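Computed from a predicted structure; not experimentally measured. Any value given below was found using the heavy atoms of this structure, including those in side chains, with hydrogens, waters and symmetry copies removed.
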Amino acid sequence: MQLTAPATGRTTTTPRRDADGMAVASFILGLLGLLVLNIFLGPIAIVLAAASLWRGTVRRGRALLGLTLGVADLVVLVIAMQLSNTVSWSL
């Protein structure tokens with residue numbers, strides 16, 4: 001007795017497409033984070049890049065760039081905070 005329908009030859013590519021989308025999103029958020037809201041966009045870019053790499057994205061270079069830009073966002077924030085001697089920074 002079979003309780004489920006037989007498997008067809010159809011495969012889903014949703015996890016791969018989701019990972020590719022996360023890689024692109026991490027790149028864009030990391031790039032935007034260099035200009036505005038780096039305290040929020042930097043960590044989000046890092047998490048999205050790590051998740052897309054973990055899921056096996058085809059856009060590995062873009063995910064690595066998003067990871068690098070996310071870390072750069074936080075480094076820029078720390079440098080700006082040190083230069084202005086405050087907890088936050090403004091232009």
Co-membership, hydrophobic cluster, residues Val76 and Val71, 4.5 Å side-chain: no
Interatomic distance, Phe40 atom CZ to Leu77 atom CG [nearest 0.5 angstrom]: 10.0 Å
Value rounded to 0.5 Å, distance of CZ in Arg62 from CG in Leu69: 11.5 Å
Flag, side chain of Asp20 to backbone of Val58, donor-acceptor distance under 3.5 Å: yes
Side chain to side chain, Leu74 and Pro43, heavy atoms closer than 4.5 Å: yes
Side-chain donor or acceptor of Thr68 paired with backbone N/O of Leu64 under 3.5 Å: yes
Distance-minimising heavy-atom pair for Ala45 and Ser26: O-CB, 3.3 Å
Pair Leu32-Leu37, side-chain contact (heavy atoms from CB on, under 4.5 Å): steps then yes or no: CA-CA 8 Å; Leu32 283 174; Leu37 295 174; over 6 Å; no
Full working for side-chain contact (heavy atoms from CB on, under 4.5 Å) between Arg59 and Val24: CA-CA 8 Å; Arg59 299 175 186 253; Val24 173; 3.8 Å; yes
Steps toward side-chain contact (heavy atoms from CB on, under 4.5 Å) verdict (Leu34, Asn38): CA-CA 6 Å; Leu34 288 174; Asn38 51 0; over 6 Å; no
Distance, nearest 0.5 Å, that separates CD1 of Ile39 from CD1 of Ile44: 11.5 Å
Inter-residue atom distance Ile46.CD1 - Leu41.CG, 0.5 Å rounding: 11.0 Å
Minimal non-hydrogen separation, Ala19 against Ser52, with atom names: O-CB, 3.2 Å
Shared hydrophobic cluster for Ile28 and Leu48 (ILVMFWY, side-chain gaps under 4.5 Å): yes
